[in-house]
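This structure is a prediction, so every number in the text was calculated from the model and none was measured.
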Amino acid sequence: MITLITNIKELLQVRETSIDKVSGAEMAILPTIKNAFLILNDSIIEDFGTMENLPDIKADKVIDATGRVVLPSWCDSHTHIVYAGNREQEFVDRINGFSYEEIANRGGGILNSAKKLNETSEEEIYKQSKIRLEEVMHLGTGAVEIKSGYGLTIEGELKMLNVIKKLAENYPISIKATFLGAHAFPVHYKENKAGYIDEIITKMIPQIAQNQLADYIDVFCETGYFSVEETEKIMEAGIEHGLIPKIHVNQFNSIGGIQAGIKFKALSVDHLEIMNPEDIEALKNTETMPVALPSCSYFLSIPYTPAREMIKAGLPLALATDFNPGSTPSGNMNFVVATACIKMKMTPEEAINAATINGAYAMGISETHGSITKGKKANLILTKPISSYYQIPYAFGSNLIESVFIEGKILA
């Protein structure tokens, strides 16, 4: 089926040849075409250009995009969409003065989610998770990474990864799965941390790899969670079983997690709210993508990733939601892009690059997603009539999306 979109006010993120990512000063450059057309052939981008160069084609469907902007769908490279219930009580606890760490020490936080997940059936978790997935798709997300990590038992982790697999089978959106058994230490291993790490390495990872349930392995490398040494041990075991590292680092403290990620060629290092000059220096000239999660900073009232210092140093940066029940109960990438502009002082061009092409890199799908390039997936956002694409972050509380295309088809 040939779909022709005509009279596009501005077509964003146009790349004649596919690139992996943009870094440093390049992040401020967002290639666009004004008064454009776009041709989709089934699920693939076939052609684009200015209206004056529109070829004579017979299209099955023609969409007039007068006054509207078209851009690639968001690539959300860090989420925890699969979980049971919520943690709204902890939200109120934080309002009443308890910190994230204090709530965790009282049995809240990740352990609270783990308890709920292990008490909930796989079928029920799938029902809850698919509602969240459908919501983020309608908010413009066309590719998403989903982590396990609320099981903390082999049964619980497998349950989560099976749900992620089922979502990937039942929805057209590109989904990458990450094993995050090293999210926290379960209660029954509180006094035997080495025992839990051994269980992750000798039981969980081999079974997950054997059943091909994950693409990536993740560790929460943070004070009070997993040390750098423990993180390295788990990453190494994952790599031996074909899992690529993507790790949580520098959310509350800088303890050397970034350097560990680089050492093991992590695809991404995520959070980065606390960055010192040594961390920024270490990331230079590496293949590891730094990922910022600004709506987590917003929700927890913690520092924001220092985007300006990182971009000035020549680094790339991706943006993701961190959608999870405890610290970011939102998968809205439009809000993430807006918050990056408002709170991290990223320009709209930088933020859109971070949420599209660099987001695709951070989940290993640069060849198929993240830009308007011939041969890539026709995963697109068609906005409502807007004055310019600057309105996307400017009008942060408005839904400016008219239609979302996944694999060339408009979401119902």
Could you tell me the separation between the [atom1] atom of [X] and the [atom2] atom of [Y], rounded to the nearest 0.5 Å?
X	Y	atom1	atom2	value
Leu283	Leu315	CG	CG	5.5 Å
Lys166	Ile125	NZ	CD1	11.0 Å
Leu380	Ile401	CG	CD1	11.5 Å
Ile110	Phe185	CD1	CZ	11.5 Å
Leu111	His183	CG	NE2	10.0 Å
Ile5	Phe405	CD1	CZ	4.0 Å

Output yes when a side-chain donor or acceptor of [X] lies under 3.5 Å from a complementary backbone atom of [Y], and no otherwise.
X	Y	answer
Thr347	Ala28	no
Lys116	Asn86	yes
Asp42	Met1	yes
Asp20	Tyr361	no
Asn379	Gly142	yes

Practice item. Go through Leu11 and Val14 one step at a time and tell me if the side-chain contact (heavy atoms from CB on, under 4.5 Å) criterion holds. Key: CA-CA 7 Å; Leu11 183 62; Val14 178; 3.8 Å; yes

Practice item. Before giving the answer on side-chain contact (heavy atoms from CB on, under 4.5 Å), spell out for Thr6 and Ile63 the whole-Å C-alpha distance, their side-chain angles and the decisive distance to 0.1 Å. Key: CA-CA 6 Å; Thr6 61; Ile63 297 168; over 6 Å; no

What do you reckon, is [atom1] of [X] surrounded by more than 12 foreign heavy atoms closer than 6.0 Å?
X	atom1	result
Phe252	CZ	yes
Phe396	CZ	no
Glu123	CD	no
Asn96	CG	yes
Lys233	NZ	no
Asp60	CG	yes
Lys115	NZ	no
Glu102	CD	yes

Heavy-atom distance under 4.5 Å between the side chains of [X] and [Y], does that happen here?
X	Y	result
Leu319	Met346	yes
Leu411	His138	yes
Phe179	Leu213	no
Val70	Leu12	no

May I ask you to check whether [X] and [Y] show a side-chain donor-acceptor distance below 3.5 Å?
X	Y	answer
Gln89	Arg87	no
Asn276	Ser254	yes
Asn332	Ser330	no
Thr356	Asn353	no
Tyr126	Asn162	no
Asp279	Asn250	yes
Thr3	Lys61	no
Asn53	Thr50	yes
Ser387	Gln391	yes
Ser371	Gln13	no
Glu230	Tyr225	no
Glu10	Thr32	yes

**Study point:** Derivation of the side-chain contact (heavy atoms from CB on, under 4.5 Å) call for Asp270 and Val249
**Key:** CA-CA 6 Å; Asp270 303 25; Val249 292; over 6 Å; no

On a heavy-atom basis, which atom in [X] and which in [Y] lie closest, and how many Å separate them?
X	Y	result
Leu382	Ala65	CD1-CB, 3.9 Å
Leu152	Ala184	CD2-O, 3.7 Å
Pro245	Met235	CB-SD, 3.6 Å
Thr383	Leu71	CG2-CD2, 4.2 Å
Thr178	Ile217	CG2-C, 4.1 Å

Point to revise | Steps toward side-chain contact (heavy atoms from CB on, under 4.5 Å) verdict (Lys34, Ile8) | key: CA-CA 7 Å; Lys34 292 184 178 177; Ile8 301 167; over 6 Å; no

Exercise for review: Could you name each residue pair satisfying salt bridge (charged side-chain N to carboxylate O under 4.0 Å, His left out) that touches residues 392-412, not counting sequence neighbours?
Suggested key: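 Salt bridge (charged side-chain N to carboxylate O under 4.0 Å, His left out) check on residues 392-412 returns Arg68-Glu402, Lys377-Glu407.
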
Point to revise | salt bridge (charged side-chain N to carboxylate O under 4.0 Å, His left out): pairs with one or both residues in residues 152-161, sequence neighbours excluded | key: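 Every pair satisfying salt bridge (charged side-chain N to carboxylate O under 4.0 Å, His left out) with a residue in residues 152-161: there are none.
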
For [X], which residues count as a salt bridge (Lys or Arg N to Asp or Glu O under 4.0 Å) partner, sequence neighbours excluded?
X	answer
Arg94	none
Glu232	Lys263
Lys374	Asp47

Check your understanding: Should Lys130 and Glu135 count as an ion pair when the cut-off is N to O under 4.0 Å?
Key ->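 Looking at Lys130 and Glu135, the cut-off is not met.
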
Check your understanding: Is it true that Glu309 and Lys312 have a side-chain N and a carboxylate O under 4.0 angstrom from each other?
Key -> no

Point to revise | With sequence neighbours excluded, residues passing ring-ring contact (aromatic ring centres under 6.0 Å, His included) with His271 | key: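 With sequence neighbours excluded, His271 shows a ring-ring contact (aromatic ring centres under 6.0 Å, His included) to His78, His248, given in chain and number order.
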
Check your understanding: Parallel, tilted or perpendicular for Tyr196 and Phe226, by the 30°/60° rule?
Key -> tilted

Check your understanding: How are the rings of Tyr150 and Tyr83 set relative to one another: parallel (under 30°), tilted (30 to 60°) or perpendicular (over 60°)?
Key ->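 Correct class here is perpendicular.
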
**Study point:** Identified salt bridge (Lys or Arg N to Asp or Glu O under 4.0 Å) partner of Lys147 from the options Asp76, Asp215, Asp218, Asp322
**Key:** Asp218

Check your understanding: Would a line drawn from the ring center of Tyr298 to the ring center of Tyr304 be shorter than 6.0 Å?
Key -> no

